[in-house]
Structure formats: structure tokens, C-alpha cells
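Below: one structure, written as C-alpha cells.
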There are 2 protein chains.
Amino acid sequence: MTTARRPATLDDVARAAGVSRSTASRVIAGNGFTSPVARDRVRTAADRLGYVPNAAARALVRGAGVRLLVAVAGATPSVLDDSYINQVVSTSAQVCAPYGLGVTVEWVPLDEPGRLTRLADDRGVAGLLLVNTTDAMLGLVPRRLRGRTASIGIGSASVPSVDIDNGGGTAAIVRHLYATGHRRIAMVTGPPWLTCATRSVEAYRGLLRQAGLPAREVVGDFSAARGRAAAREVLRRWPDTDAIVGISDATALGVIGQLRADGVQVPGDVAVTGFDDIPLASVTALTTASHPVRRIATAAATMVLEQRPVPPLTVFPSALVLRESA
Amino acid sequence: MTTARRPATLDDVARAAGVSRSTASRVIAGNGFTSPVARDRVRTAADRLGYVPNAAARALVRGAGVRLLVAVAGATPSVLDDSYINQVVSTSAQVCAPYGLGVTVEWVPLDEPGRLTRLADDRGVAGLLLVNTTDAMLGLVPRRLRGRTASIGIGSASVPSVDIDNGGGTAAIVRHLYATGHRRIAMVTGPPWLTCATRSVEAYRGLLRQAGLPAREVVGDFSAARGRAAAREVLRRWPDTDAIVGISDATALGVIGQLRADGVQVPGDVAVTGFDDIPLASVTALTTASHPVRRIATAAATMVLEQRPVPPLTVFPSALVLRESA
DNA sequence: TTGAAAGCGCTAACAT
DNA sequence: ATGTTAGCGCTTTCAA
């Protein structure tokens with residue numbers, strides 16, 4: 001039985017390997033010149049002792065941080081209470097684990113982007129992951145964090161980003177509706193300030209215009225509750241509507257719930273589509289577009305962790321998922 | 001404009017306040033004796049300089065860690081890919097933010113509880129949050145982390161826990177079914193090793209026994225896919241079943257999907273209930289029991305952060321939510 | 001290619 | 001009640 005003794009430090013490893021602490025450090029951290037012999041001996045010793053570098057000590061001397069900050073822009077703190085955000089945070093936390101870094105989430109009010117500065121000025125912050133960010137916030141990323149920042153959504157010259165092809169995804173949905181005979185297609189949109197939502201709306205508008213059809217838009221906010229209300233509004237304003245495009249699955253499910261409650265057949269009378277392909281979309285047979293959120297979050301987190309030159313924009317495709325609701 | 005200069009250290013604060021670094025430390029960290037005058041001057045100086053303690057330095061000297069480890073027990077790594085876990089991780093990350101601690105998630109294989117030891121031996125780990133843990137894992141919490149560990153689910157003499165009153169919640173559901181005239185009630189259970197799931201099953205069995213009714217159990221795994229298959233199995237084995245209790249909302253939604261696909265009316269022919277009240281339960285009009293997951297995660301995370309003596313077990317109630325499916 | 005030495009920012013004895 | 005002092009474990013000049 002191994003007694004619960006003090007865990008090995010770099011000094012222990014160096015001593016066991018018969019080299020100086022500096023050499024051991026160079027081998028473990030992977031910087032500076034080391035002879036193959038030294039490398040080998042240090043690695044062996046480290047393995048044998050179960051050496052794990054002390055993240056705090058490392059961060060201290062390097063002036064680096066110990067955690068990844070996920071900064072989510074939004075109107076209210078409740079934006080953090082969202083399954084998409086949960087997934088991004090949780091995935092980041094998985095990606096960070098092997099690096100010995102933790103993850104923290106904070107809300108940045110839309111009308112007070114300067115909050116980001118306060119948060120990012122903390123030296124404990126090793127990297128920054130912006131979610132649903134605005135141009136104003138992108139401009140406020142402190143210089144110290146340049147190259148240690150990535151954005152999920154829009155990016156900038158100095159902030160690389162990963163994004164979903166929302167336009168393409170929405171276009172595929174609208175084309176499908178058109179191809180299946182729908183001509184009076186309405187949309188429940190997202191908040192206007194959100195670029196990714198705007199791209200969907202623009203794709204919808206563009207396609208309808210091309211087809212010579214009028215746009216029928218009601219503003220929503222991604223929530224199911226708003227979706228219910230929006231469904232009523234759509235049918236009140238345009239009673240002959242035969243399809244409703246939801247900006248999100250939650251929106252679409254709200255729409256469907258309200259329609260069915262009002263005796264409207266889905267998809268018989270009105271076809272309904274979502275966006276995101278949340279787990280329950282499959283259960284509820286919702287036609288939607290799927291997005292690899294985990295892969296996206298992984299890509300973004302990896303960018304800030306790896307510090308390698310990365311392409312300024314990585315676009316992930318949106319894939320049409322046909323089910324029964326449209 | 002404030003030039004982007006080096007952030008203030010404790011030394012800067014001490015100098016500005018005209019006291020020694022130790023005094024400043026005592027004021028900021030809140031330990032040891034300090035005069036009201038000193039307290040005041042240090043606090044003022046810290047505010048003025050925008051001082052933020054360096055988490056790495058603090059952790060280093062204290063021998064404490066810099067992150068909270070959320071350890072999730074499960075059969076496969078895919079347990080991390082779950083909305084409940086996402087919510088726990090994300091909530092913890094919110095709670096940890098003001099403490100300057102990050103969060104990390106790792107999977108602990110059920111058949112290899114020792115993995116926990118390896119993970120927790122990392123000195124970077126400041127605290128431990130066990131999720132869906134087993135007795136074997138509870139016994140492996142390293143001594144260093146005693147008092148810095150909490151469990152969501154079962155606990156032990158040395159590990160305080162927060163838990164849901166699954167038994168009570170399930171009992172309320174079964175009673176409701178009974179009260180509404182159902183007598184041939186089946187249940188799609190969870191994996192047998194999970195204590196919280198077992199408690200639900202036992203409540204179900206107990207109530208049926210009391211009523212002199214036979215139990216009808218099919219093993220599930222919380223997933224919708226398994227729910228679909230289980231629905232078929234239930235009706236094959238007991239064709240006259242008039243109600244199905246799902247161990248989770250996903251299970252129940254799978255059950256409902258399959259029943260409807262097979263032309264069975266819900267709740268007309270068979271009533272179906274879920275458990276958890278996920279956001280979409282309301283949209284799909286699922287009768288279920290709701291649990292304050294965010295409050296639970298907050299309570300658990302706070303326990304490990306605050307280090308105060310806490311009650312060994314905090315039970316959160318399960319609240320019956322009546323909708324249309326039963 | 002390696003070692004010696006300095007110090008990152010902070011806390012906690014210990015002394016006063 | 002406060003100051004002095006000695007590190008926590010690591011990286012990184014600087015010399016050799």
C-alpha cells in the first residue's frame with residue numbers, strides 16, 4: 001500500500017533522475033535544450049513518481065492564469081440559464097481538464113460591454129471564450145489575452161472565431177418547405193442584436209424575395225414561451241400561413257404546442273421547423289437543422305489552449321434533419 | 001485613459017495604505033487580527049487600485065488548489081454528454097467564479113473507482129463534487145479533500161450530500177395515477193447501480209404492494225431511445241397496462257413517442273409520467289416531478305467552497321407537476 | 001547542454 | 001495589533 005505521502009515535486013523528480021531542477025523543468029515543460037539521455041531519465045522518474053506539475057506554481061511564475069473564462073453576452077443574467085450555454089461550458093470544462101485549467105462563466109450585459117474588461121483584468125484568467133458576443137465586446141479584449149481568446153459567433157481581426165453556417169442552415173429549411181409546396185411561410189425570429197440570428201432571418205428573407213413571396217416576421221427570443229405567443233400572433237396577422245420557421249427548437253416546440261392547443265394540425269395545416277436539433281427534437285419528431293455544438297465548443301476551447309496560429313474563422317455546417325413536423 | 005500597466009499586487013496595496021504586506025494580507029484574506037483603522041485604509045487602497053488577489057499565488061502558498069473537480073460516475077464517458085451534467089457543471093462554474101476558482105469535469109468509470117484517486121491527487125484540485133457516485137468512490141476521497149468534498153446523490157459519514165427526494169416524488173406520481181383510477185401501472189426503471197434511481201423504484205414497488213397490485217418493471221437507462229423499446233416490451237408482456245411511470249422525462253417522452261406511433265392514445269389508453277421536469281416537458285404537456293437542479297448544484301458547490309460545517313444531508317423536495325399526459 | 005540563483009505574489013509562523 | 005522573514009513549486013535568465 002502506498003502511504004498517502006506528499007505528492008512528488010519537480011525537485012523530487014530531478015533528484016530521482018540525477019539532474020538539476022532546471023533540466024527537469026526543461027524536459028517536463030518542453031522548452032529549452034535537453035540531451036536525449038536527460039530527457040529519458042527525467043521522463044522515467046516523473047512516471048515512476050506519478051509526478052503532476054503544480055498548476056498554481058506554474059501559473060504564478062509564468063504570469064499566466066489558471067482558468068478559462070467563458071463570457072456570455074446577453075440582456076439579462078438569465079442567458080446563463082440555457083442549455084446551449086451549459087453545453088459550451090461543460091464541454092470546455094472537459095477540454096480544459098487535461099491542461100489543469102478550470103472554467104468559469106460570467107455574464108456580460110449587452111449595455112455594459114466594459115464589464116468584460118473588469119472580468120478579464122483578473123490575472124487568474126488564462127484565456128477567454130466569447131459567446132454571442134458583439135463588436136463592442138470584441139474591441140474590449142485586453143491585449144494580454146490576445147492570442148488567448150476565441151469567439152463562438154462573430155470574430156474580428158484579432159479574435160479568431162468558430163461559427164455555425166446559420167444562413168445556410170436556414171436556407172436549407174426554407175428550400176425544403178418551398179419544395180414541399182408551402183408558399184405562405186412565416187418566421188419567428190431571434191433578438192435583432194444577435195448576429196447569428198440575423199443571418200438566419202436574412203437567409204429567410206432572401207429566399208422568399210427570390211421566390212416572389214412576402215416575408216412574415218414575428219420577433220421572438222429563442223424561448224418556447226415566446227414561441228407560443230408568436231404562433232398566435234402569426235395566425236392572427238396572417239391566417240392563411242401554411243408554415244412557420246422557428247429560430248430555435250424551443251421556439252418551434254412552443255409554436256407547435258400552441259397550434260395544437262388551438263386545434264391546428266401540424267404539419268397538416270401548418271408545417272413547423274426548428275433549429276439546433278436538441279435531444280428532444282428527435283423525440284418530438286421536429287424537423288430542424290443540427291449543429292455540432294460539442295465540436296464547436298471543443299474547437300474554440302482548443303484554440304485558446306493551444307495558442308497556435310489558427311484560421312480567423314472556422315465555419316461548421318448546419319445539417320437539415322427531416323422529421324415529421326414539416 | 002488608464003494605461004494598461006501591471007495590475008496591482010498586495011505590495012502595492014500595502015504601500016498605498018501605509019502598512020506592511022502582512023497586515024494588508026490579513027485584511028484582504030480576512031484572517032488574523034487587524035485594527036479598524038488598518039482595515040479601512042487597506043480596503044480603500046485596494047478599491048482605488050482595483051486590486052484583485054492572484055489566485056495562483058494564493059493557492060500555491062496555501063497548498064490549496066485552483067479548481068473544483070466535478071467527478072461523474074458512469075459506465076461510459078458518454079455520461080458527460082448529458083444535459084443534467086451540463087447544468088451541474090455550468091452552475092458550479094457560476095458559483096465558483098467569484099472565488100476565482102475554475103471548474104473541471106471528469107468521468108470516473110464505475111468499474112474503476114480508483115480513477116478518482118488519480119484525479120484527486122492533483123494538487124490543483126481545490127475541491128471535489130461527486131455526481132451519481134457509488135459507495136466505493138465515496139470511500140476513495142483522499143484525506144486532503146475531506147471537508148472540501150460534497151456529493152450530489154448519496155453521501156457518507158465524511159462526505160456531505162445534497163439529494164433529491166426521489167422516493168417522495170415517485171410516490172406522489174404513483175399516488176396520482178392511483179387516485180385517477182389506474183390499477184395496472186408499469187415502470188421503466190433506471191440502471192440498478194444508481195441509488196437515486198433505486199429509491200424511485202422502491203417507492204413504486206412499495207406503493208403497489210400496499211395497494212395489493214403487482215409490479216411491472218422493465219429496466220431502462222434514462223434515455224428516450226431505451227424508453228421507446230421499453231414501451232413495446234411493457235405492452236408485449238402486460239397488454240392491459242393502463243399507466244407507465246418513466247424514471248426520467250426522456251424515458252417518458254420515448255415511451256409516449258412509441259405508444260403514439262403504435263396507435264395507442266396517451267393518456268386515453270395509457271397514462272405516462274416522467275421525472276425531472278426538463279424544459280420541454282412543459283411544451284410536450286408531460287406530467288412529471290420537478291427538481292431544482294440549479295439550487296442543488298449551487299448548494300453542493302457552496303458546501304465545498306465555504307468549508308463551513310454543513311448538515312450531512314440536505315434533501316430537496318420533488319414537486320408533482322400535473323399536465324396532460326397523465 | 002546543464003546548473004545556480006533569483007523571484008513570481010502571496011500566507012503564516014514568529015517576534016515584537 | 002503589526003512587521004519581519006521564510007518559503008509554496010515552478011520557470012527562466014545567466015554563467016559555465
Side-chain angles (χ1 to χ4, degrees), chain A residues 5-43 45-46 49-66 99-101 121-126 144, chain B residues 5-43 45-46 49-67 99-101 121-126 144 307:
Chain A
R5 62 187 187 296
R6 180 182 59 79
T9 71
L10 191 55
D11 272 315
D12 299 329
V13 174
R15 212 169 303 124
V19 300
S20 75
R21 179 166 22 126
S22 334
T23 300
S25 170
R26 283 186 276 256
V27 173
I28 301 283
N31 332 328
F33 301 103
T34 47
S35 66
V37 202
R39 256 196 299 271
D40 197 57
R41 298 177 57 175
V42 170
R43 294 230 174 88
L49 273 64
Y51 173 70
V52 182
N54 181 317
R58 207 172 241 195
L60 178 58
V61 66
R62 281 195 181 143
V66 290
Y99 293 78
L101 289 181
D121 265 353
D122 182 335
R123 303 303 275 227
V125 173
R144 178 177 74 90
Chain B
R5 60 188 190 297
R6 179 182 60 77
T9 70
L10 192 56
D11 271 316
D12 298 329
V13 174
R15 212 170 302 123
V19 300
S20 76
R21 183 172 14 133
S22 336
T23 300
S25 169
R26 281 187 278 255
V27 172
I28 301 284
N31 338 327
F33 301 102
T34 47
S35 67
V37 201
R39 257 196 299 269
D40 196 56
R41 298 178 56 174
V42 170
R43 293 230 175 88
L49 275 65
Y51 172 70
V52 182
N54 182 316
R58 210 172 237 196
L60 178 58
V61 66
R62 281 193 181 145
V66 290
R67 58 187 206 277
Y99 293 79
L101 289 180
D121 265 353
D122 181 336
R123 300 305 272 227
V125 174
R144 178 178 74 90
Q307 270 281 74

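So you know, we letter chains A, B, ... as the sequences are listed, proteins then strands, and number each from 1. From a predicted model like this one, the values you see are computed outputs, not experimental measurements.
B:A29 comes within contact range of the sugar-phosphate backbone alone, with a heavy-atom separation under 4.0 Å but no base atom that close. Residue contacts shown for B:T9 are limited to sugar-phosphate atoms, with no base heavy atom under 4.0 Å away.
Taking a heavy-atom distance under 4.0 Å as the criterion, the stretch of DNA chain C touched by chain A extends 5' to 3' from C:dT1 to C:dG9.
For B:D40, the side-chain contact (heavy atoms from CB on, under 4.5 Å) partners at least two apart in sequence or on another chain are B:T44. Every salt bridge (Lys or Arg N to Asp or Glu O under 4.0 Å) that B:D12 has, sequence neighbours left out, goes to B:R6, B:R15. For B:D121, there are no salt bridge (Lys or Arg N to Asp or Glu O under 4.0 Å) partners, not counting sequence neighbours. With sequence neighbours excluded, the residues that form a side-chain contact (heavy atoms from CB on, under 4.5 Å) with A:A64 are A:R62. Contacts of B:R26 classified as side chain to side chain donor-acceptor pair (under 3.5 Å), with partners at least two apart in sequence or in another chain: none. Remark: A:T34 pairs with A:R39 by the side chain to side chain donor-acceptor pair (under 3.5 Å) rule, at least two apart or across chains. For B:S20, the side chain to side chain donor-acceptor pair (under 3.5 Å) partners two or more places apart in sequence, or in a different chain, are B:T23. Listed by chain and residue number, nothing satisfies the salt bridge (Lys or Arg N to Asp or Glu O under 4.0 Å) test with A:R144 (two or more places apart in sequence, or in another chain).
Here the side chain of B:R41 pairs a donor or acceptor atom with the backbone of B:A17 at under 3.5 angstrom.
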Item to complete: Sugar-phosphate means primed atoms, P, OP1 and OP2; the rest is base. With that split, encode nucleotides 1-8 of chain D 5' to 3' as B, S or - using protein heavy atoms under 4.0 Å.
Response: SBBB-BBB
Worksheet item: Could you spell out the base pairing of DNA chain D in dot-bracket, with Watson-Crick or G-U pairs whose two distances are under 3.5 Å, [ ] crossing and | to another strand?
Response: ||||||||||||||||
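As a whole-Å value, the separation of A:L49 CG from D:dG9 C1' is 15 Å.
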For residues 52-61 of chain B, run the donor-acceptor check on the side chains, cut-off 3.5 Å, and write out each pair with its distance to 0.1 Å, sequence neighbours left out.
| unit_1 | atom_1 | unit_2 | atom_2 | d |
| --- | --- | --- | --- | --- |
| B:N54 | OD1 | B:A56 | N | 2.8 |
| B:N54 | OD1 | B:A57 | N | 3.0 |

